[in-house]
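Starting from 1, each residue takes its place in the sequence as its number. Predicted model, so just to flag it, every value in this text is computed and none were measured.
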Amino acid sequence: MVYDWFNRSAAPQNSQDPQPEQAAEPPAQEVAPAVEAPVDSAPSDIDQDALDWARQAYARLKAQQEAQKQEAAAAEPEPELAPPVESTPEPDPTPVLAQDPVQAVQTPEPAVGLSLLEQAAAQRAQRQQEQLERAIETPTTPVEPTPAATDEAAPSLGDFDEDFTWSAEVLAAQGRQLSDISLEEIDWLGRLRRGMEKTRQGFVTQLLDTLGDDPLTPEVLDDLESLLLRADVGVQATDQVLEALRKRLNEEVVEPEEGIRFLKDQLKGLLDQPIQASGTALLAPERGRLNVWLMVGVNGVGKTTTLGKLANLAIRSGYSCLIAAADTFRAAAVQQVQVWGERSGVTVVSNPSANADPAAVVYDAIGAAQAKGTDLVLVDTAGRLQTKHNLMEELSKVRRIVDKLAPDAQVQSLLVLDASQGQNGLKQAMAFAQAAGLTGVVLTKLDGSSRGGVALAVSSEAGLPIRFIGAGEGIRDLRPFNSFEFVEALLAK
């Protein structure tokens, strides 16, 4: 079954296509013994209901994985044993007296009357002839090319550990049913939690120390303000959160646990505001319509890598995809895009000439996509500083080409931001939003930064919805943004 990551659901399938997961669903009585999750492997602060839900989810995924393995083993034909190759040796009037049969075949008795050199040459010729005959009778199987070392295999179910229980708790809190969750989601949430470790270590530890065990006080809120600013949450977002907390504090006594829950709600609300204003909860290519996504940003933020991960995500979600290599200025940029295209089986449209016109590449890519009925065109653009007006004008030219050739297409301009740049990333977002008509943000490199709070600054001050986040270097470490999951990962204990 294909999982559509853009819409967080199963992708539509042809009714004639096999659906192994549904056919392999085990009976209810067989699910319970499929896993034995030790109680002490789960964190002690998780409530019993969430722990039971996690156990059931683990048991279901385990049984499903075992059923898939059995189905794959049953579908695999048994290898046929090749009959032994019998060689017919040349009749030799001289009997062979060697004890070792291998030696008897490989070292026949030399003919009488030949010199030592002639005998050695005759033996070499006979061995070559035997090797040739064996190669003809039993041809070798061609070796398939191995995938690149950086490519990742499909996620597998690991131990029933803290990562799994936390991931299951997050899914259950969103109202997800056991029958709807997938191993891909569990795997991604674990990656996100580990990727936010640096931000969480500096923020949550100090937050818990600041809140303590006593009810919140104005002094605690002052310390919380410093924490939020150091995490690059931004001035506007910090003021909005603290104002809501002060108002709540004036109305009632707020215990630390209630304060953390209220803080999570406020942060989630900040992230959701621009998403709700856009009218699109999850950004996904529209089926039956051309979708063109432009990847923009300054140099070094990971635009090409992000584009490659998006292409892989689209292919695995059941969409057809094409890449336009419109970064014609950076050395080896086209070759880098082609490598990403090969890894995901995506066609790359490029211009081999040096310093080619990016707009011409986009022109060719859109023409090819329209001819093939492609769902999604990803456009890799050159890195540019927001202060370079000529380069910004070139970006506008590319956008005009897209609007002219495909007026009915869904066009998105996604700004790729490096989370480690903090407030500088916010300035980039503000400048690009004015010049490039941005419709969303892709936040990358969360795993290498302690400034994950910049997501809140981008949402509150730039007013841009965050559409995708990257929390690792692997090809599967980019997913659609979910504010609830992000805040839970940010404030996980």
Side-chain angles (χ1 to χ4, degrees), residues 1-14 17-28 30-32 34-35 37 42 50-72 151-195 281-285 287 309-319 344 467-472 474-486 488-489:
M1 181 178 68
V2 177
Y3 187 80
D4 184 353
W5 260 106
F6 292 96
N7 293 295
R8 299 294 289 267
S9 63
Q13 286 185 320
N14 190 338
D17 293 341
Q19 298 183 3
E21 288 200 10
Q22 294 180 1
E25 187 70 25
E30 295 180 6
V31 173
V35 60
L51 182 59
D52 292 341
W53 199 93
R55 287 175 179 276
Q56 295 174 27
Y58 189 88
R60 177 184 174 274
L61 292 174
K62 186 73 172 179
Q64 188 180 84
Q65 191 175 56
E66 292 298 327
Q68 289 176 349
K69 288 181 181 178
Q70 293 176 5
E71 184 178 348
D151 290 344
E152 299 178 31
S156 59
L157 188 63
D159 297 330
F160 186 79
D161 55 8
E162 185 176 352
D163 271 350
F164 186 94
T165 52
W166 179 86
S167 302
E169 184 183 14
V170 170
L171 290 173
Q174 297 180 74
R176 301 294 299 277
Q177 299 297 321
L178 280 172
S179 58
D180 295 336
I181 66 170
S182 67
L183 185 56
E184 285 263 3
E185 290 182 292
I186 294 287
D187 178 71
W188 160 245
L189 287 174
R191 291 169 184 253
L192 177 62
R193 185 172 185 263
R194 293 188 295 270
L282 285 172
L283 181 60
R287 298 188 185 273
K309 294 179 181 180
L310 273 177
N312 182 270
L313 191 67
I315 293 298
R316 288 191 291 109
S317 298
Y319 295 91
S344 301
R467 293 304 189 183
F468 299 92
I469 54 173
I475 198 170
R476 293 175 178 265
D477 291 330
L478 183 81
R479 291 292 188 271
F481 179 75
N482 181 297
S483 60
F484 181 85
E485 296 172 356
F486 178 83
E488 289 295 326

Looking at every non-hydrogen atom in both residues, tell me the closest pair between Asp159 and Phe164 and how far apart they are.
O-CB, 4.0 Å
Supply the atom-to-atom distance Ser182 OG to Arg176 CZ, rounded to the nearest 0.5 angstrom.
7.0 Å
Heavy-atom pair with the smallest gap, counting every atom of Arg193 and Ala489:
CA-CB, 4.3 Å
How about Tyr319 and Leu313: do any of their side-chain heavy atoms sit closer than 4.5 Å?
no
Rounded to the nearest 0.5 Å, what separation is found between the CD atom of Gln70 and the CD atom of Glu66?
6.5 Å
Qualifying residues under salt bridge (Lys or Arg N to Asp or Glu O under 4.0 Å), relative to Asp187, sequence neighbours excluded
Arg191
Could you report the tightest heavy-atom contact between Trp188 and Leu478, atom names first, then the distance?
CZ3-N, 4.3 Å
Run the side-chain contact (heavy atoms from CB on, under 4.5 Å) test on Tyr58 and Ile186 for me, step by step, so that the C-alpha distance in whole Å, both residues' side-chain angles and the decisive distance to 0.1 Å come before the verdict.
CA-CA 10 Å; Tyr58 189 88; Ile186 294 287; over 6 Å; no
Separation between CG (Leu310) and CD1 (Ile475), nearest 0.5 Å, reads 11.0 Å
Which value, rounded to the nearest 0.5 Å, describes the distance between Leu183 atom CG and Gln64 atom CD?
8.5 Å
Considering non-hydrogen atoms only, spot the tightest contact between Gln174 and Asn482 and give its length.
OE1-ND2, 3.2 Å
Set of residues satisfying salt bridge (Lys or Arg N to Asp or Glu O under 4.0 Å) with respect to Glu184, sequence neighbours excluded:
Arg316, Arg476, Arg479
Rounded at 0.5 Å granularity, tell me how far CG in Leu171 sits from CD in Glu485.
6.5 Å
My understanding is that only one of Val170, Ile469, Asp477 makes a side-chain contact (heavy atoms from CB on, under 4.5 Å) with Leu192; could you say which?
Ile469
How are the rings of Phe486 and Phe481 set to each other: parallel, tilted or perpendicular (split at 30° and 60°)?
tilted
Pair Trp53-Leu178, side-chain contact (heavy atoms from CB on, under 4.5 Å): steps then yes or no:
CA-CA 8 Å; Trp53 199 93; Leu178 280 172; 3.8 Å; yes
Side-chain touch Leu283/Phe6, heavy atoms, less than 4.5 angstrom:
no
Measuring from atom OG1 of Thr165 to atom CG of Asp163, what distance do you get when rounded to the nearest 0.5 angstrom?
7.5 Å
Tell me every residue that passes salt bridge (Lys or Arg N to Asp or Glu O under 4.0 Å) with Glu488, counting only those two or more places apart in sequence or in another chain.
Lys264
Where do Leu157 and Leu61 come nearest, in terms of heavy atoms and distance?
CD2-C, 4.0 Å
